[in-house]
Student: 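Here you go, one structure.
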Amino acid sequence: MRTEATKALTALTMSQVTSRAGVRPDTVRYYERIGLLPTPARTTGAHRRYDEGVIDRLRFIRGTQRLGLTLTEIGDLLSVRDTGACPCEPAETMLERHLAEIEAEMARLGELRAELTSMLSGMSGEKCADPLPGAWCPPDHELEGGGERPC
């Protein structure tokens, strides 16, 4: 059993937490407000004091954010993790969904790339062809004496 004096020696300041976890103080405070981090102990002067577990928790949050999970999803995983159970099963479902979203976005971007490539290939000559009628030139593209102004 740790005494209060021992706890005070191992308690981390905000500065220590932020430098070790690679986050900003406002990030730590925000995560506390939304419940991703537990409310820290306070000194008699109202300074926050964290235990070592907060570093692991912050690294977990940052790692899952890099994978594209939302803070709500991360909170769900942390809730499972806090019970002592492995969060792998719910994480697998979330990651599969995000992978499907990424694949759909990549397909959409591939189609956009093909369309842009096609448009660019039609612009290489002297006469710029309008890829879709009215989509390229402004409505006043006709010259006064008739004919069209180049786009």
Side-chain angles (χ1 to χ4, degrees), residues 1-124 128-141 150-151:
M1 179 189 275
R2 294 184 344 181
T3 65
E4 289 302 314
T6 308
K7 285 182 185 178
L9 291 175
T10 60
L12 301 172
T13 65
M14 175 70 81
S15 177
Q16 291 168 320
V17 168
T18 58
S19 68
R20 287 179 55 190
V23 296
R24 296 172 31 148
D26 57 332
T27 301
V28 173
R29 288 188 293 269
Y30 177 69
Y31 290 166
E32 288 171 17
R33 275 195 312 278
I34 65 171
L36 293 180
L37 293 177
T39 303
R42 300 259 184 174
T43 66
T44 55
H47 295 280
R48 290 172 167 85
R49 292 296 181 258
Y50 300 90
D51 89 9
E52 290 283 334
V54 77
I55 304 298
D56 175 61
R57 197 168 182 96
L58 284 165
R59 288 178 180 158
F60 179 85
I61 293 167
R62 288 182 50 97
T64 51
Q65 281 182 308
R66 277 191 295 276
L67 296 174
L69 298 182
T70 66
L71 292 178
T72 301
E73 292 168 326
I74 294 167
D76 293 344
L77 292 179
L78 285 169
S79 294
V80 172
R81 194 173 184 235
D82 289 344
T83 67
C86 178
C88 291
E89 187 177 333
E92 182 179 13
T93 303
M94 288 177 193
L95 294 176
E96 284 173 347
R97 186 178 67 245
H98 282 287
L99 183 59
E101 290 168 0
I102 289 168
E103 288 172 349
E105 182 67 5
M106 288 175 66
R108 187 191 71 76
L109 288 171
E111 291 169 6
L112 178 60
R113 183 182 190 280
E115 186 177 341
L116 288 171
T117 301
S118 173
M119 288 175 69
L120 284 169
S121 68
M123 294 177 168
S124 59
C128 173
D130 205 359
L132 297 173
W136 215 225
C137 296
D140 62 345
H141 68 281
C151 299

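Count residues from 1 along the sequence.
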Student: Applying the side chain to side chain donor-acceptor pair (under 3.5 Å) criterion to Tyr50, which one of Glu32, Arg57, Gln16 satisfies it?
Tutor: Glu32
Student: Taking all non-hydrogen atoms of both residues, which atom of Val28 and which atom of Val17 are closest, and how far apart?
Tutor: CG2-CG1, 4.4 Å
Student: Could you give the distance from OG (Ser79) to CG (Leu36), rounded to the nearest 0.5 Å?
Tutor: 9.0 Å
Student: Are Met94 and Asp76 close enough that some pair of their side-chain heavy atoms sits under 4.5 Å apart?
Tutor: yes
Student: Considering all heavy atoms of both residues, which atom of Arg20 and which atom of Arg59 are nearest to each other, and what is their separation?
Tutor: O-NH2, 2.9 Å
Student: Do side-chain atoms of Thr117 reach the backbone of Arg113 as a donor and acceptor pair under 3.5 angstrom?
Tutor: yes
Student: For a quick test of reading the model, state the closest non-hydrogen atom pair linking Leu69 to Leu77 and the distance between them.
Tutor: CD1-CD1, 3.6 Å
Student: May I ask you to check whether over 12 heavy atoms, not counting those of Arg42, lie within 6.0 Å of atom CZ?
Tutor: yes
Student: Inspect the surroundings of CD in Glu89 and state if more than 12 heavy atoms from other residues, nucleotides or ligands are less than 6.0 Å away.
Tutor: no
Student: What are the two closest non-hydrogen atoms of Glu73 and Gly68, and how far apart are they?
Tutor: OE1-O, 4.4 Å
Student: Of all the heavy-atom pairs spanning Arg49 and Ala11, show the shortest one and how long it is.
Tutor: CB-CB, 3.7 Å
Student: Can you find a pair of side-chain heavy atoms, one from Glu105 and one from Glu101, that are under 4.5 Å apart?
Tutor: no
Student: If we check side-chain contact (heavy atoms from CB on, under 4.5 Å) with Val80, which of these qualifies: Cys86, Cys88, Pro90?
Tutor: Pro90
Student: Rounded to the nearest 0.5 Å, what separation is found between the CD1 atom of Ile102 and the CG atom of Leu109?
Tutor: 11.5 Å
Student: Roughly how far apart are Arg48 CZ and Leu12 CG, rounded to 0.5 Å?
Tutor: 14.0 Å
Student: Rounded to the nearest 0.5 Å, what separates atom CD1 in Ile61 from atom CG in Leu71?
Tutor: 8.0 Å
Student: With rounding to the nearest 0.5 angstrom, report the CD to CG distance, Glu115 to Leu120.
Tutor: 11.0 Å
Student: Give, for atom NE2 of His47 and atom OG1 of Thr13, the distance between the pair rounded to the nearest 0.5 Å.
Tutor: 10.5 Å
Student: Report yes if the side chains of Asp56 and Arg81 come closer than 4.5 Å at any heavy-atom pair, otherwise no.
Tutor: yes
